[in-house]
Amino acid sequence: MIIQTGARTDIPAFYAEWFVNRIKEGYVMVRNPYYPEQVTKYQLTPDVVDLIGFCTKNPAPMFPYMDVLKDFGQYWFVTITPYGKEIEPNVPEKEVVMQDFRKLSKIVGVDSVAWRYDPILIDDTYTLERHIADFKHMAGTLAGYTKTCVISFIDLYKKVQRNFPEAKEVTEKERLILGKAFSEIAQSNGMIVKACAEGRDLERFGVDCDGCLTVETFETALHRHLKAPKKKSQRGLACACYLGADIGSYDTCGHLCRYCYANTRKDVVHDNMKKHDPNSPFLVGHSMRDDIVHEAKQESWIDEQVQFDFEKMGEFY
């Protein structure tokens, strides 16, 4: 099965020690974000967990612990955007993150790391021209260290509107201009652009609109075929990604990016981070008297009967 860590928070950046402790103890406890008394217990052992998915803006805190992860398949999304501290107040400097990306790629392999350039927003500072120039610089720096760049445009969820009221939708014209430019730049640097839940409008420019965290993505990282059970996307028809089994918690990401959909308010995040105990099986706090614990049904999805064929994956794989 696949364990996700990054749809609700950034575990490598802020909770690396906790996560490694969970790996060493072999399990983690996860509260249902909508019904907190309902707790799922996941085993974190390589006999049932085929791959761990990470999504981070700062992989460096996990580097001292990479040996602990070596028995697991891994797939890393590293988000690198052009925004400054006024939008991403606690994200490390971009040049530093790009160098860490290169280091990570050398550790886990080029098929197990992808660059996320999202969300894309347009304003007087981050103009179309600025995005194209910065994307070109970043793609050149990351060339040879990944084959994939995932893009998406800002979604104005209610949380985003509250924390970033001046943010505006990116127009269709702007999307097409950037999609075309980014695809051309990426291809010249040995990458393919994948669009995250953006429909198929960018397909005409060579953008892959078939999903960014698909079963095929995980198979490429593992170099193995998976017998994954059929599953509906959590984001509806716009998203083809294979999501689920996320062990993170909302309102715990200390980056405090203004466009974040996973944080409600800064004070809530600070309170939750104070409750974090690296030795607890829960990311926030500990067990409670009224907890109802459910053991997740887990099994390996690796198909031992099928040899993975990279030739079928196309020139970018």
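The chain is numbered in sequence order, starting from 1. Computed from a prediction, not measured in an experiment: that's the story for all the values here.
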*Step-by-step side chain to side chain contact (heavy atoms under 4.5 Å, CB included) determination, R8 to S249*: CA-CA 5 Å; R8 301 171 182 171; S249 298; 5.6 Å; no
*asked:* Checking K147 against D111 for the salt bridge (charged side-chain N to carboxylate O under 4.0 Å, His left out) test, could you report, in this order, the C-alpha distance in whole Å, the side-chain angles of both residues, the deciding distance, and whether it holds?
replied: CA-CA 7 Å; K147 301 173 184 177; D111 289 324; 3.0 Å; yes
*Give the intermediate values and the outcome of side chain to side chain donor-acceptor pair (under 3.5 Å) for residues S188 and E184.*
CA-CA 6 Å; S188 69; E184 291 173 353; over 6 Å; no
Solution key, residues 49-65 side-chain donor-acceptor pairs under 3.5 Å, sequence neighbours excluded:
residue, atom, partner, partner atom, Å
D50, OD1, S300, OG, 2.7
D50, OD2, M1, N, 2.7
D50, OD2, W301, N, 2.7
T56, OG1, D10, OD1, 2.7
T56, OG1, D10, OD2, 3.0
T56, OG1, N58, N, 2.9
T56, OG1, N58, O, 3.2
N58, OD1, A60, N, 3.3

Mind checking the [atom1]-[atom2] spacing from [X] to [Y]? Nearest 0.5 Å is all I need.
| X | Y | atom1 | atom2 | value |
| --- | --- | --- | --- | --- |
| I132 | I185 | CD1 | CD1 | 6.5 Å |
| K159 | C260 | NZ | SG | 7.5 Å |
| R116 | C149 | CZ | SG | 9.0 Å |
| T81 | Y117 | OG1 | OH | 7.0 Å |
| D303 | E219 | CG | CD | 9.0 Å |
| R175 | S152 | CZ | OG | 9.0 Å |

*Taking the six-membered ring for Trp, are Y83 and Y126 ring centroids under 6.0 Å apart?*
yes
Using modelled atom types and a 3.5 Å cut-off, is there a donor and acceptor pairing between side-chain atoms of [X] and backbone atoms of [Y]?
| X | Y | result |
| --- | --- | --- |
| H276 | L283 | yes |
| T45 | G26 | no |
| Q298 | Y42 | no |

*Can you name the residues that form a side chain to side chain donor-acceptor pair (under 3.5 Å) with E203, not counting sequence neighbours?*
R200
Tell me if the [atom1] atom of [X] is crowded by more than 12 foreign heavy atoms within 6.0 Å.
| X | atom1 | result |
| --- | --- | --- |
| E166 | CD | yes |
| K41 | NZ | yes |
| E172 | CD | no |
| K85 | NZ | yes |

_Polar contact flag, side-chain donor to acceptor under 3.5 angstrom, N272-T252_ = no
*For T220 and E216, does a side-chain donor sit closer than 3.5 Å to a side-chain acceptor?*
no
Does any non-hydrogen side-chain atom of [Y] lie less than 4.5 Å from one of [X]?
| X | Y | value |
| --- | --- | --- |
| W18 | I11 | yes |
| F182 | L202 | no |
| P82 | H131 | yes |

*T5 and its side chain to side chain contact (heavy atoms under 4.5 Å, CB included) partner, picked from I247, V28, D246*: I247
*Kindly indicate, with the supporting measurements, whether the criterion side chain to side chain contact (heavy atoms under 4.5 Å, CB included) is fulfilled by R31 and V284.*
CA-CA 9 Å; R31 293 194 182 281; V284 177; over 6 Å; no
*Can you list every side chain to side chain donor-acceptor pair (under 3.5 Å) pair that touches residues 132-143, not counting sequence neighbours?*
E95-H137, R130-D134
